[in-house]
Amino acid sequence: MSTDTVLYKRSYVFSFIIRLCHWLRAFAIFGLVVTGFYITWPFLVAPDSTNVLEQGWVRFVHEVLGFVLVAITFIRAYLFFFSRSNVERRSVKDAVSPNSWVKQIKAYFWVGQPPHHGAYGPLQLVVYAGISIDAIFMSVTGLTLYANVCHLDMGGLF
């Protein structure tokens, strides 16, 4: 047995639900890209074939992943504004401060320390906010297109 002391202790910045939402969103976006490309150009079925089963399954997976993205987008927006943990909301102060941006740029060039008062640096927060806004846009446009497929279903309601 070794008698070495542990120098570091693992600590999580984000809760389990935020980490789960992160990986579900990443999986959904990756899956939507792959299935979207396949829907655009279905290369597994010959052009003159009457077998549409593969295309139907790919469309089904695309729709399920789309609804997962919609749900995760709503959950993440709710958690950002109403969560008891304010570790993400504290990052907004850094993103609007010019001094934090200068410190962050210095840190990128290894001349200074990054200015983290919250979970993210200024550039990280701007990029994650952009991804969230893109996810909202993709959800709205996806539900709009889905309403044309299912007029009398929940898709039409959305």
Ignoring hydrogens, what is the shortest heavy-atom contact between I136 and T73? Give both atom names and the distance. CG1-CG2, 3.5 Å
All heavy atoms of Q104 vs all of G121, minimum pair found to be OE1-CA, 3.7 Å
Could you go through the side-chain contact (heavy atoms from CB on, under 4.5 Å) check for L32 and M138 one step at a time? CA-CA 10 Å; L32 284 166; M138 287 186 284; 6.0 Å; no
Testing the basics here: between L24 and V68, what is the closest heavy-atom pair and its distance to 0.1 Å? O-CG1, 4.5 Å
Using the rule given for ring pair (Phe, Tyr, Trp, His ring centres under 6.0 Å), can you reason through F14 versus Y128, listing the C-alpha separation, both sets of side-chain angles and the distance that settles it, and then say yes or no? CA-CA 15 Å; F14 300 106; Y128 291 155; 8.6 Å; no
Rounded to the nearest 0.5 angstrom, the OG-CD1 distance for S83 and I17 is 10.5 Å
Minimum heavy-atom distance W101-P122, with the two atoms named: CE2-CB, 3.5 Å
For I29 and L69, work out which heavy atoms get closest and say how close. CG1-CD1, 4.0 Å
Beyond-backbone contact of V92 with F80, side-chain heavy atoms, under 4.5 angstrom: yes
Flag yes if V34 and W41 sit in one hydrophobic cluster, no otherwise; membership is Ile, Leu, Val, Met, Phe, Trp, Tyr, and two members link when side-chain heavy atoms are under 4.5 Å apart. no
Joint cluster assignment, V127 & I72, ILVMFWY side-chain distance < 4.5 Å: yes
L123 and Y108, any side-chain heavy atoms less than 4.5 Å apart: yes
Cluster overlap V61 with W23, hydrophobic side-chain contacts below 4.5 Å: no
For residues V126 and V96: do they belong to one hydrophobic cluster (side chain heavy atoms under 4.5 Å, members Ile, Leu, Val, Met, Phe, Trp, Tyr)? no
Evaluate L143 against F67 for side-chain contact (heavy atoms from CB on, under 4.5 Å), listing each step before the verdict. CA-CA 9 Å; L143 289 174; F67 280 113; 3.6 Å; yes
Side-chain touch K103/Q113, heavy atoms, less than 4.5 angstrom: no
Looking at OG of S15 and CG of L20, how far apart are the two atoms once the value is rounded to the nearest 0.5 Å? 9.5 Å
Less than 4.5 Å apart, any side-chain heavy atom of R25 and any of I131? yes
Check whether any side-chain heavy atom of H62 sits under 4.5 Å from a side-chain heavy atom of Y38, and report yes or no. no
Assert yes or no for the condition that the ring centre distance of F30 to F37 is strictly below 6.0 Å. no
Nearest atoms (heavy-atom pairs only) where A28 meets L65: CB-O, 3.9 Å
Identify whether F16 and I75 are in the same connected component of the hydrophobic contact network (ILVMFWY, side-chain heavy atoms under 4.5 Å). yes
May I ask you to decide if the ring planes of W57 and F60 are parallel, tilted or perpendicular, using 30° and 60° as cut-offs? perpendicular
